[in-house]
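The structure appears right after this line, and notes come after that.
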Amino acid sequence: LGTALGAWLGSGLTHMYTQFFHFPLLEYHLALSVVMAALGVSIAAAMAGTLGAVRRAVRLPPAEAMRPEPPAEYRPTLLERCGLGRWFSHSMRIVLRNLERSRGHAALAVLGIAMAAAILVLGNFIGDALDDLIELEFEITHRQDVMVALVEPTSHRALHEIARLPGVLRSEPFRVVPVRLRNGHRWRRTEIFGIGRKSQMLQLLDDARSTVPLPPGGIVLSAKLAELLEVNEGDWLTAEVLEGERPVRRVKATAFISDFVGLGAYMDLQALHGLMREGNCISGAFLRVDSQALPALYARVKTTPQIATATVKDAARRSLEATLSDTLLRMKAVNVLFAAIIAFGVVYNNARISVAQRSRELASLRVLGFTRAEISYILLGELAILTLTAIGPGLALGYSLAWFASWGYDTELFRIPLVIKPATYALAATIVIVAAIVSGLIVRRQLDRLDLVAVLKTRE
């Protein structure tokens, strides 16, 4: 039942992710392969653990199995052998010795708790990355208020008419040329975007997010496009123009930029005119507009037949954020739920096993004069050490999974930056700690109900 429920929840989460990223075919393949793989791994892990326990029980001779369990063997820990034992209380020494005695069990507990923290980091990484991507695209790279695209390329004189639209404070022209870029047998269809060398409204950035200046000649490619074409800086490309007379030109790759949407190619506007052997024609303009005059600008644009589209950056950003907010909220809720269940299950299960295995030992300590608080310190101290030890590796594992996810989403359509906010790490650690505290308090109540007489009876 647990495996089936996990597969059902996993398929629902898969559906959410694939709908968010608009990959319907991917959803089908994931539903068929990933869910089946999850079922197989779950069943295999359960069978491996069960068969291991059964094998140990079968190998145990009956006469030995009927004997009382021998007392646990404790030795000074490595810290004590190094001379640091005097810094620890008797209760802490018991805790450390038990952890060192059951290293395998402790390592598995740490791994389970670390996986819970890793799932939280991975789940919130998508939101952090998309927030960073929106900020990069709408605030740093594109600084215009409105982008106007013309029905067809026209004379540079159209820029003066666009500049006279209501509320326009500044205008910068651009030219878009659809091309097929070819390097040997490798090719990609894209557009060459021509902008002014001193453009302030469209910034080209490198990996360090520093501005890449447009060279007076040559072409600037996105790093992903250069990777697909196997182009190095200084290589020559064939540009097959897909409009007008469809000329074929040779152009030199002079620089690469880091972008996250599509496959971009950029040139200096005058160099692009020279490549096309055309006059100063434009395909549109970037506009900086007085916000108070936007309604009048909309009205004028609607009545101007030469203008095909007018994209308002703030409206596009609000629409995108509204679309993302609901989906990301559900993603975070599901990931938090999964991680909290895993953390609670691992810590609680480990605590219950410790109580079952050490009830006689803890009861003996109570008889010897230890208080309930002291034996609770011994048991819960182990859980605290395991939890705190697991958080660091869990956050590191979460970063590794986020890197793997970022690498997996590195496609021609879009790329996701590897950005994880400190708040994500803090949230992951907090949820794991809270889940550990809740499970520890539940087990603590069982220690209060410990029957000393029944526990200390000799097991025949």
Side-chain angles (χ1 to χ4, degrees), residues 141-142 144 147-162 171-199 201-205 212-286 305-311 411-415:
T141 302
H142 296 89
Q144 80 281 359
M147 185 179 73
V148 172
L150 302 177
V151 174
E152 60 182 4
T154 185
S155 169
H156 194 273
R157 289 193 299 269
L159 181 63
H160 301 289
E161 300 178 9
I162 294 174
S171 61
E172 293 182 357
F174 63 82
R175 174 79 166 98
V176 178
V177 178
V179 296
R180 182 185 292 111
L181 292 178
R182 187 182 298 276
N183 180 32
H185 67 282
R186 298 181 177 273
W187 62 273
R188 283 297 184 276
R189 185 169 179 172
T190 183
E191 295 176 336
I192 298 178
F193 213 91
I195 57 176
R197 293 183 60 189
K198 297 182 179 180
S199 175
M201 300 190 197
L202 178 61
Q203 300 293 310
L204 307 180
L205 307 176
V212 176
L214 275 174
I219 189 171
V220 177
L221 303 177
S222 69
K224 185 62 179 180
L225 180 57
E227 175 189 338
L228 295 172
L229 296 177
E230 294 187 357
V231 175
N232 297 316
E233 188 172 335
D235 291 348
W236 287 85
L237 297 171
T238 300
E240 302 173 359
V241 180
L242 302 178
E243 71 174 18
E245 298 180 356
R246 297 178 176 265
V248 177
R249 302 284 189 255
R250 296 283 289 172
V251 61
K252 184 179 181 181
T254 55
F256 304 130
I257 63 170
S258 177
D259 59 358
F260 298 97
V261 180
L263 302 174
Y266 304 88
M267 290 186 68
D268 171 55
L269 185 57
Q270 297 302 320
L272 182 57
H273 291 327
L275 181 71
M276 294 293 295
R277 298 173 187 173
E278 64 184 9
N280 292 333
C281 63
I282 63 173
S283 301
F286 298 118
Q306 293 85 0
I307 297 178
T309 60
T311 304
T411 65
E412 296 185 24
L413 295 178
F414 66 92
R415 278 78 63 193

* Structure fact -> Ser283 and Arg175 have their tightest heavy-atom pair at OG-NH1, 3.4 Å
* Structure fact -> Closest heavy-atom pair, Pro305 versus Val151, reported as atoms and distance to 0.1 Å, is O-CG2, 3.3 Å
* Structure fact -> So OG of Ser171 and NE2 of His160: to nearest 0.5 Å the spacing works out to 8.5 Å
* To do: Could you grab the distance from atom CH2 of Trp187 to atom OG1 of Thr238, nearest 0.5 Å is fine?
  => 14.0 Å
* Side chains of Glu172 and Ser199, donor plus acceptor under 3.5 Å -> yes
Identify every side-chain donor-acceptor pair in residues 218-226 under 3.5 Å, counting partners at least two apart or on other chains, and give the distances.
unit_1, atom_1, unit_2, atom_2, d
Ser222, OG, Leu225, N, 3.3
Ser222, OG, Gly264, N, 3.4
Lys224, NZ, Asp410, O, 3.4

* Asked: Is the shortest distance from a Lys or Arg side-chain nitrogen in Arg249 or Glu240 to a carboxylate oxygen in the other one below 4.0 Å?
  -> no
* To do: First locate atom CZ of Arg180, then atom CZ of Arg189, and finally report the distance between them rounded to the nearest 0.5 Å.
  => 6.5 Å
* To do: To the nearest 0.5 Å, tell me how far Phe256 CZ sits from Leu204 CG.
  => 13.5 Å
* To do: Indicate yes or no for a side-chain donor-acceptor contact from Arg415 to the backbone of Thr411 under 3.5 Å, with no hydrogens or angles considered.
  => yes
* Nearest 0.5 Å, what's the CD-CG distance between Glu233 and Asp235? -> 9.5 Å
* Checking side chain to side chain contact (heavy atoms under 4.5 Å, CB included) for the pair Leu228/Arg186: CA distance, chi angles, key distance, verdict? -> CA-CA 8 Å; Leu228 295 172; Arg186 298 181 177 273; over 6 Å; no
* Asked: Do the side chain of Thr190 and the main chain of Leu263 share a donor and acceptor less than 3.5 angstrom apart?
  -> yes
* Can you name the nearest heavy-atom pair linking Glu191 to Pro178, along with the distance? -> CG-CA, 4.1 Å
* Structure fact -> Sequence neighbours excluded, the answer for salt bridge (Lys or Arg N to Asp or Glu O under 4.0 Å) partners of Asp268 is none
* Atom CZ in Arg157, atom CG in Asn280: separation rounded to 0.5 Å? -> 10.5 Å
* Using 30° and 60° as the class limits, which term best fits the ring planes of Phe174 and Phe286: parallel, tilted or perpendicular? -> tilted
